[in-house]
Amino acid sequence: MKYAKPTYLAFFIAAFISLVVALFFEKLDLLYIYPFSFITIVIIYIKEKKESINVLFPLALIVGLAGGVLIIIGLGQCVPEVSVCISLFYLLYIRLMYAKNEKQKTTMRTYIILLFILLPILYVYDRVMCLVYDEIHEDFIYFAIMVILMLMYIMFALYYYIRNKNQANLWMLIAAANLAVMNIIITINELYMYERMFTVLAVFCSNLMLFFSLKFMLEDEKNIINDFS
């Protein structure tokens, strides 16, 4: 069983320890364990893909990790830096999705479904932005660009899955869903009201995002199936 391999076990252990640290220790203590989840995912990807490595994925994880570290240090103290890192992360993920989806005809029905799904998401993010505006008004442009790219990433993940319900697109949609929840939690937790359980939930969503992003990248484009394996 592939999940019994040392590299996978290392990821699961790192993910579990990060949850324990988030639950019982100070937030800054996450700096000592949080990077290991990203490192193990990169190692698994390189070992599994071997010759067909897409360097954009490790690069996306590196900038994502940099943004995560800055958030742990304090989002309110470095909004521009976090926004730049996370914006680049979303751009790279959008490019990865595009590369794995061949051009296909899209019907009007797809756009209508996408619109109805996105409307409540847009409303929730608008309310959250209004909630924390006073804390980020000096760096609002940086933050707004990051949020726009984040919503574009979620939109593309939904679009590609609605258009082509294959296994790879399902994994990325799950990753996007976790990122959507994580971003709301982090924004409220860092800029409005801190709650330890929010940190735990954010770390949990981050680990799920990493795992399902890996599954997306490891899915064989030539043998994509519609059923769970």
Side-chain angles (χ1 to χ4, degrees), residues 14-39 41 60-94 118 120-155 157 174-213:
F16 177 75
I17 294 176
S18 65
L19 288 173
V20 172
V21 171
L23 184 59
F24 295 108
F25 296 87
E26 297 298 321
K27 187 180 70 169
L28 287 176
D29 292 329
L30 280 169
L31 292 174
Y32 300 106
I33 184 63
Y34 183 70
F36 286 101
S37 296
F38 287 79
I39 293 170
I41 287 294
L61 294 186
I62 290 171
V63 296
L65 173 59
V69 168
L70 291 172
I71 290 172
I72 293 172
I73 293 172
L75 175 58
Q77 303 170 26
C78 44
V79 171
E81 294 84 356
V82 170
S83 299
V84 169
C85 288
I86 302 302
S87 295
L88 182 56
F89 171 83
Y90 289 129
L91 284 172
L92 290 170
Y93 261 47
I94 290 170
L118 282 176
I121 296 175
L122 291 172
Y123 175 78
V124 170
Y125 272 92
D126 175 69
R127 293 297 88 198
V128 172
M129 290 282 283
C130 291
L131 194 66
V132 302
Y133 176 77
D134 289 340
E135 299 293 329
I136 60 169
H137 67 277
E138 294 182 357
D139 302 305
F140 181 75
I141 293 178
Y142 289 98
F143 197 82
I145 292 173
M146 179 185 68
V147 171
I148 290 170
L149 288 172
M150 173 181 60
L151 291 171
M152 286 179 61
Y153 162 65
I154 296 170
M155 179 189 72
I174 295 173
N178 278 281
L179 270 172
V181 174
M182 183 182 74
N183 291 326
I184 293 173
I185 291 173
I186 289 175
T187 301
I188 294 175
N189 202 36
E190 293 290 326
L191 300 175
Y192 184 71
M193 177 189 67
Y194 180 79
E195 173 60 49
R196 181 181 293 271
M197 282 306 301
F198 281 179
T199 301
V200 176
L201 289 172
V203 171
F204 180 71
C205 289
S206 175
N207 288 326
L208 286 179
M209 177 276 296
L210 289 173
F211 180 73
F212 286 109
S213 297

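Positions are given from 1 along the sequence.
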**Report entry** Side chain proximity check, Y93 to S213, heavy atoms < 4.5 angstrom
**Finding:** yes
**Report entry** Side-chain touch L210/L61, heavy atoms, less than 4.5 angstrom
**Finding:** yes
Query raised in the report: Are any of the side-chain heavy atoms of L149 and I145 separated by less than 4.5 Å?
Result: yes
Query - Partners passing side chain to side chain contact (heavy atoms under 4.5 Å, CB included) against L208 (at least two apart in sequence or in another chain) - result: N178, F204, F212
Report summary line: The reported gap from CG in L92 to OG in S87 (rounded to nearest 0.5 angstrom) is 11.0 Å
Query - Heavy-atom side-chain contact between Y90 and L179 under 4.5 Å - result: yes
Query raised in the report: Got a donor-acceptor contact below 3.5 angstrom from the R196 side chain to the E26 backbone?
Result: no
Requested in this report: Measure across N207 and S18 and return the closest heavy-atom pair with its distance rounded to 0.1 Å.
Outcome: ND2-OG, 3.3 Å
Query raised in the report: So does I141 have more than 12 non-hydrogen atoms from other groups sitting under 6.0 Å from CD1?
Result: no
**Report entry** Taking every non-hydrogen atom, the tightest pair across M150 and N183
**Finding:** SD-ND2, 2.6 Å
Requested in this report: Rounded to the nearest 0.5 Å, what's the gap from OH on Y192 to CZ on F198? Could you check?
Outcome: 10.5 Å
Report task. Measure across I72 and L28 and return the closest heavy-atom pair with its distance rounded to 0.1 Å. Result -> O-CD2, 3.7 Å
Query raised in the report: Out of curiosity, S206 OG to I185 CD1, how far, rounded to the nearest 0.5 Å?
Result: 11.5 Å
Query - Pairs flagged by salt bridge (charged side-chain N to carboxylate O under 4.0 Å, His left out) wherever residues 135-154 is involved - sequence neighbours left out - result: none
Report summary line: Sorted by chain and residue number, the ring pair (Phe, Tyr, Trp, His ring centres under 6.0 Å) partners of F38 (sequence neighbours excluded) come out as Y34
Query raised in the report: Do Y194 and T199 touch side chain to side chain, with heavy atoms closer than 4.5 Å?
Result: yes
**Report entry** Test applied, side-chain contact (heavy atoms from CB on, under 4.5 Å); reference residue, L191; option that passes from I136, L131, D134
**Finding:** I136
Report summary line: Correct closest heavy-atom pair for I154 and A180 would be CD1-CB, 3.6 Å
Query raised in the report: Which value, rounded to the nearest 0.5 Å, describes the distance between I174 atom CD1 and M209 atom CE?
Result: 13.5 Å
**Report entry** Partner set under ring pair (Phe, Tyr, Trp, His ring centres under 6.0 Å) for F211, not counting sequence neighbours
**Finding:** Y3
Only distances under 3.5 Å count here; give the side-chain donor-acceptor pairs of residues 62-71 to other protein atoms, sequence neighbours excluded, each with its distance to 0.1 Å.
none

Query raised in the report: Mind checking whether L201 and M182 have side chains closer than 4.5 Å, heavy atoms only?
Result: no
Query raised in the report: Rounded to the nearest 0.5 Å, how far apart are CD1 of I86 and OH of Y142?
Result: 15.5 Å
**Report entry** Within-4.5 Å side-chain heavy-atom neighbours: F143 and T187
**Finding:** yes
Query raised in the report: Any idea which heavy atoms bring L19 and V203 closest together, and the distance?
Result: CD2-CG1, 4.0 Å
Query raised in the report: How far does CD1 of I148 sit from CE of M155, to the nearest 0.5 angstrom?
Result: 11.5 Å
Extract all donor-acceptor atom pairs below 3.5 Å that involve side chains of residues 74-84 and protein atoms in other chains or at least two apart in sequence.
residue, atom, partner, partner atom, Å
S83, OG, V79, O, 2.7

